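In listed order, ligands and their atoms are each counted from 1. Remember, it's a predicted structure, so these values are computed and weren't measured experimentally.
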Amino acid sequence: MTSSGLLRYIGPSLLVFILHRPWSIGMNLSLDLHRTPSTVTSHPTPAHHKPRATSNQHNIVNHSSSKGDQGSRTEKLLRKLPSPPFELPVIAHLHLIGSLPHHSLSDLAKRHGPDVMLLRLGAVPTLVVSSPRAAKAVLRTHDHVFASRPHSAVADILFYGSTDVSFTPYGEYWRRARKDITTHLLTAAKVRSNRAAREQEVRLVLARVRAAAAAGTAIDVSEIFIFFANDIVCQAMTGRLPREQGQNQLSWGLGGFNLDDYFPSLARFDLVSAKAVKHIKRWDDLLDSLIDKHKSKTMDCEDEGDFIDVLLSVQQAYGLTRDNIKAILMDMFEAGTDTTYIALDYTMAELMQKPRVVMKESMRVHAPAPLMLPHFFTAECDAEGYTIPSGTRVILNVWALGRDPTSWKSPEEFMPDRFIEEAMDAASDFQGNDFRFLPFGSGRRMCPAINFTKATFEIILANLVYHFNWELPPGSTGIDMTESYGVDVHRKEKLLLIPRVALDV
Ligand code: HEM
């Protein structure tokens, strides 16, 4: 967002509300990155997180020494950090963030803190991590205290008090919910067992593409991917969810740059929150009806049931409320559809320009979640000589890691072959072990759906490429790769292509 865009968004009443915002305080933690040693620091305490989901680490924050002492110490530590000048009153560094935050953050990091840098985004000091080495330090060495999420007012609204998996703070509730989704939806065995459903969805797509091929008309491939990704997730979770009802439009409220996140005391007044409230009402009815239908259906004993059946069957044993179940379902719909569609869309767009595309190079250049989800340090710790306070909000720029010139030869160039060399391929798996390449994150909070995504990806792309030759519509000068930013980054323009049935099939 440019500064003028930001001010338009904030509106005239901002100053009044900002004056009431609580500055909050954290404790210390440290991180040595062998470049410019510095100390890193603080962010609002997570006291607003729901008590059922709090972790021990959150308690540490709450029981810190007196706020005044801690506040001045924190402020001293903050000042030592590499940080851009040009801080404005109230909005601080927010005006430096353009409409593509991952680009802005990467540019700022190059000039002011290639490993770590402190930005004051409105009321919230935020640590930006931009190098593979810094990523390793936080995601591996300090994973246990880096695994929480900062509070988000929008996530509270959309996910029933953040009792989903993605936005819930690190702790017992998260551990159990994550285990539920992994065991009953995302393991390699579960993904394999869903193959028939995936094939069925692919047949539907192929029928649609064949019709366009027969008519010789262009088809909106982006839209096909959106519906396909949506349907695959819905199939796995509910058996089926009618498309019209299952539209996925949640991501708009969850990006890294909501006003709510950076001016917490504004949350009640913010337009994004208001929109989220309106939005969740629609979803709430749908989820209620899905749960009711599952409760009333009689399952034959051969039937393993879908994911909703599983959640209902463990509801009592795990002490899940109906809202918790709805939050987890919402999360799966949200996390599973946009990222998949975006990755497919970029890969197909690249495929049109270079025939030898691999999923990995596509994700290196176009990470669908370029800033991952925000993380949050929950305890003080020492690492290699640097000190970072507990309570620090962190943005990890995966997009910058994928383009780090010290890690990649010609990083801006799309070169699928780099992943085809065996050694590189093995090192740069998706499992979060190679800190130059983290499209699914790494550590405890990394994406649990890599198997699921790979299976979805392979079956649809293989079929589209095998059965059809694809052409740009007449008069088209090429594919516009301009990005647009939400919680994830997608191409701005839809991908219109003409399919021709491949003759030798
Ligand atoms: C191309 C596809 C996908 C990409 C690139 C992707 C990427 C990511 C990333 C970067 C994170 C955050 C990691 C972190 O903050 O440390 C994440 C978290 C998550 N993803 Fe994915 N994802 C994809 C597909 C999916 C699918 C299909 C599902 C579910 C069906 C899913 C479910 C989740 C969940 C539940 C989390 C939160 C994990 C936690 O907080 O413990 N993702 N994903």
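- Interface of R149 with ligand 1, defined as ligand atoms under 4.0 Å from a residue heavy atom, comprises 14 (C), 15 (O), 39 (C), 40 (O).
- At a 4.0 Å cut-off, not a single heavy atom of V233 sits close enough to ligand 1 to count as contact.
- Side chains of H490 and D338: a donor-acceptor N/O pair is absent below 3.5 angstrom, by distance only.
- The contact set between ligand 1 and R445, taken as ligand atoms under 4.0 Å from a residue heavy atom, comprises 13 (C), 14 (C), 16 (O), 38 (C), 39 (C), 40 (O), 41 (O).
- K326 has a carboxylate O that lies under 4.0 Å from a charged side-chain N of D284, or vice versa, which qualifies the two as a salt bridge.
- R364 has a carboxylate O that lies under 4.0 Å from a charged side-chain N of E361, or vice versa, which qualifies the two as a salt bridge.
- No donor-acceptor contact under 3.5 angstrom links the side chains of D306 and T238, judged on distance only.
- Each of the atoms 1 (C) of ligand 1 lies under 4.0 Å from some heavy atom of A343.
- The nearest non-hydrogen atom to atom 16 (O) of ligand 1, considering only H375, K454, M446, comes from H375.
- Closest protein heavy atom to atom 28 (C) of ligand 1: A449 CB, 3.2 Å.
- Against a heavy-atom cut-off of under 4.0 Å, V165 is close to the following atoms of ligand 1: 39 (C), 40 (O), 41 (O).
- In this structure, R175 forms a cation-pi arrangement with Y170, its terminal cationic atom sitting closer than 6.0 Å to the ring centre and no more than 45° off the ring axis.
- Within the listing of ligand 1, atoms 1 (C), 2 (C), 24 (C), 27 (C) sit less than 4.0 angstrom from a heavy atom of T453.
- Protein heavy atom at the shortest distance from atom 32 (C) of ligand 1 is A335 CB, 3.5 Å.
- Proximity of P368 to ligand 1, defined as any heavy-atom pair under 4.0 Å, is confined to the side chain (atoms from C-beta onward).
- F430 has its ring centre less than 6.0 Å from the ring centre of F437.
- Taking every non-hydrogen atom of P439 and a distance limit under 4.0 Å, the qualifying atoms of ligand 1 come out as 5 (C), 7 (C), 10 (C).
- Contact annotation for W174 and ligand 1: only side-chain heavy atoms (C-beta onward) come within less than 4.0 Å of the ligand.
- F457 places a side-chain heavy atom less than 4.5 Å from the side chain of T347.
- Ranking the protein heavy atoms by distance from atom 27 (C) of ligand 1 puts G336 CA, 3.4 Å first.
- In this structure, a donor-acceptor pair under 3.5 Å is absent between the side chains of R203 and N463.
- When each atom of ligand 1 is checked for a heavy atom of I181 under 4.0 Å away, the hits are 35 (C).
- Considering only non-hydrogen protein atoms, atom 4 (C) of ligand 1 sits nearest to F440 CE2, 3.4 Å.
- Ionic pairing of D480 and K492 is not present here: no N-O contact between side-chain nitrogen and carboxylate oxygen is shorter than 4.0 angstrom.
- Side-chain atoms of D323 and T321 include no donor-acceptor pair closer than 3.5 Å.
- Polar contact with ligand 1: present for R178 (N/O pair, distance under 3.5 Å).
- In this structure, the protein non-hydrogen atom closest to atom 34 (C) of ligand 1 is P448 CD, 3.5 Å.
- The closest side-chain heavy-atom distance from N194 to Q235 is not below 4.5 Å.
- Defined by atom type and a distance below 3.5 Å, a donor-acceptor pair is missing between the side-chain atoms of N397 and S106.
- Here the heavy atom of the protein found nearest to atom 37 (C) of ligand 1 is S166 OG, 3.2 Å.
- D345 and K494 are not joined by a salt bridge, as no carboxylate oxygen comes within less than 4.0 angstrom of a charged side-chain nitrogen.
- Taking every heavy atom of M363 and a limit of under 4.0 angstrom, the matching atoms of ligand 1 come to 1 (C).
- Among all protein heavy atoms, the one lying closest to atom 42 (N) of ligand 1 is C447 SG, 3.0 Å.
- The single protein non-hydrogen atom nearest to atom 35 (C) of ligand 1 is M332 CE, 3.4 Å, given as residue, atom name and distance.
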